[in-house]
*Asks:* 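Have a look at this one before I ask anything.
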Amino acid sequence: MTVTAHATISPRPGTPGVHPHGLPRPGRTLVMGVVNVTPDSFSDGGLSFAADAAVAHGLALLEQGADIVDVGGESTRPGAARPPVEEELRRVLPVVRELAAAGATVSVDTMRAEVAARALDAGARLINDVSGGLADPAMLPLAARAGTPYVLMHWRGHSAGMQGRAVYDHVVTDVLDELRLRIDAALEAGMGPDRLIIDPGLGFAKTPDHNWELLGRLGDVVALGHPVLVGASRKSFLGGLLADRTTGEPRPARLRDAATAAVSVLAAAQGVWCLRVHDVASTADAVRVTARWGVEATAARSPLSRVR
Ligand code: PMM
């Protein structure tokens, strides 16, 4: 009897099914470490604001197992004001340049085409645009021209008025529909389908319940057929879930890393391509465990397991 094991089982739990062109491909979900070069980042208390400290932080994240470091100069915290473009460039470029020179795969977290273009010149290899091309009409054409992988996130407006837009008929269907429209816009702008990464945008115009519903249906996002990136790290919906039982106070951001790692395991098991996290060490372990587990789960389901 000829047995064609694995032929119909793809991806196995813990490994992404599709990969963007030109990025690391370690056979498991990737880990993207966050380097926020902002004075008001809610999750690192602005500790990485100075360029030197940000570079050192990025190098430490690589040491801990980050596959990509994501450098951003604009806070997207609900209610945050936007920095002028010159200020964003001043924050981001030296950090991108140094981390790229050290051999890191660097992504730039920006909604501005000018910042993305200058960061690519400085050595970035991936654009992470939380607005999915909506904030700056020059972004999709720039990403298409550059031929670089591009993270297209679900977004409904800038941080200042974002939470007022958290209104959906059905959050999963609406987010999928809106993502499809942005994917079409990216393809129409000339972007190669193999460059496109999608992201459901947890916490962006979403209530905690919206975030949980999207996580529960991540498989539907993966089924859109593009690599998926998820950014749940330390977000307030985790703080709310883990609120203090006596006072009802949300769990502080710095104490949400175990919950983040739990999300990482479950998301990786759904075939998510990459996880954007602050605490790299715990998610680096989580994705390795999930991938190794997936090998056995696949073997157990394969026709070969019955003839062993
Ligand atoms: N979240 C934040 C910033 N950038 N990028 C992507 N692709 N997805 C996200 O969910 C995302 C992001 C906000 O989180 P932070 O302020 O803790 O970095």
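All values reported here derive from a predicted model rather than from experimental measurement. Note that ligands are numbered from 1 as they come in the structure, with each ligand's atoms numbered from 1 the same way.
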*Asks:* Step by step, work out the side chain to side chain contact (heavy atoms under 4.5 Å, CB included) result for T110 and M139.
*Replies:* CA-CA 10 Å; T110 185; M139 181 63 100; 4.1 Å; yes
*Asks:* Any atoms of ligand 1 less than 4.0 Å from a non-hydrogen atom of L229? List them with their elements.
*Replies:* 7 (N)
*Asks:* Take atom CZ in R25; do more than 12 heavy atoms of anything else shown fall under 6.0 Å from it?
*Replies:*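 Check fails, neighbour count at 12 or below.
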*Asks:* Apply side chain to side chain contact (heavy atoms under 4.5 Å, CB included) to residues K206 and F204 and explain how you reach the verdict.
*Replies:* CA-CA 5 Å; K206 320 268 182 329; F204 288 80; 4.3 Å; yes
*Asks:* For the pair R182 and E178, evaluate salt bridge (Lys or Arg N to Asp or Glu O under 4.0 Å) and give the outcome as yes or no after the intermediate values.
*Replies:* CA-CA 6 Å; R182 299 312 301 155; E178 290 169 33; over 6 Å; no
*Asks:* Tell me which one of H154, R276, M111 gets a heavy atom nearest to atom 15 (P) of ligand 1.
*Replies:* R276
*Asks:* Give the numbers and elements of all ligand 1 atoms closer than 4.0 Å to a heavy atom of N128.
*Replies:*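 Result: 5 (N), 6 (C), 7 (N).
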*Asks:* Got a donor-acceptor contact below 3.5 angstrom from the D67 side chain to the V31 backbone?
*Replies:*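 Answer holds: yes.
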*Asks:* Strictly distance-based, threshold 3.5 Å: is any side-chain N or O of H57 a donor or acceptor partner for the main-chain N or O of A54?
*Replies:*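 Flag not set: sc H57 to bb A54 has no pair under 3.5 Å.
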*Asks:* Residue-level breakdown please: for D109 versus ligand 1, do any non-hydrogen atoms fall below 4.0 Å on the side chain, on the backbone, on both, or on neither?
*Replies:*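 The answer is the side chain.
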*Asks:* What atoms of ligand 1 come within less than 4.0 Å of a heavy atom belonging to V151?
*Replies:* 7 (N)
*Asks:* Counting heavy atoms only, which part of N36 comes closer than 4.0 Å to ligand 1: side chain, backbone, both or neither?
*Replies:* side chain
*Asks:* Please state whether M153 comes within less than 4.0 angstrom of ligand 1, counting heavy atoms only.
*Replies:*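 It does, in that a heavy atom of M153 comes within the 4.0 Å cut-off of ligand 1.
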*Asks:* Can you sort out which atoms of ligand 1 are near H278, meaning under 4.0 Å from one of its heavy atoms?
*Replies:*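 Once the distances to H278 are compared, the set is 15 (P), 17 (O), 18 (O).
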*Asks:* T76 heavy atoms, cut-off 4.0 Å: which ligand 1 atoms fall inside?
*Replies:* 2 (C), 3 (C), 13 (C)
*Asks:* Please identify which atoms of ligand 1 are closer than 4.0 Å to at least one heavy atom of V130.
*Replies:*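 What qualifies from ligand 1 is 4 (N), 5 (N), 12 (C).
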*Asks:* Would you kindly say whether T38 and S75 are connected by a side-chain donor-acceptor distance under 3.5 Å?
*Replies:*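 T38 vs S75: no donor-acceptor pair found between side chains.
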*Asks:* On a heavy-atom basis, I'd like to know which of K235, E74, M32 is closest to atom 11 (C) of ligand 1.
*Replies:*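 Result: the heavy atom closest to atom 11 (C) of ligand 1 is in K235.
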*Asks:* Using a strict cut-off of 4.0 Å, indicate which atoms of ligand 1 neighbour a heavy atom of G231.
*Replies:* 10 (O)
*Asks:* Under 4.0 Å between a side-chain nitrogen and a carboxylate oxygen: does that hold for D109 and R276?
*Replies:* yes
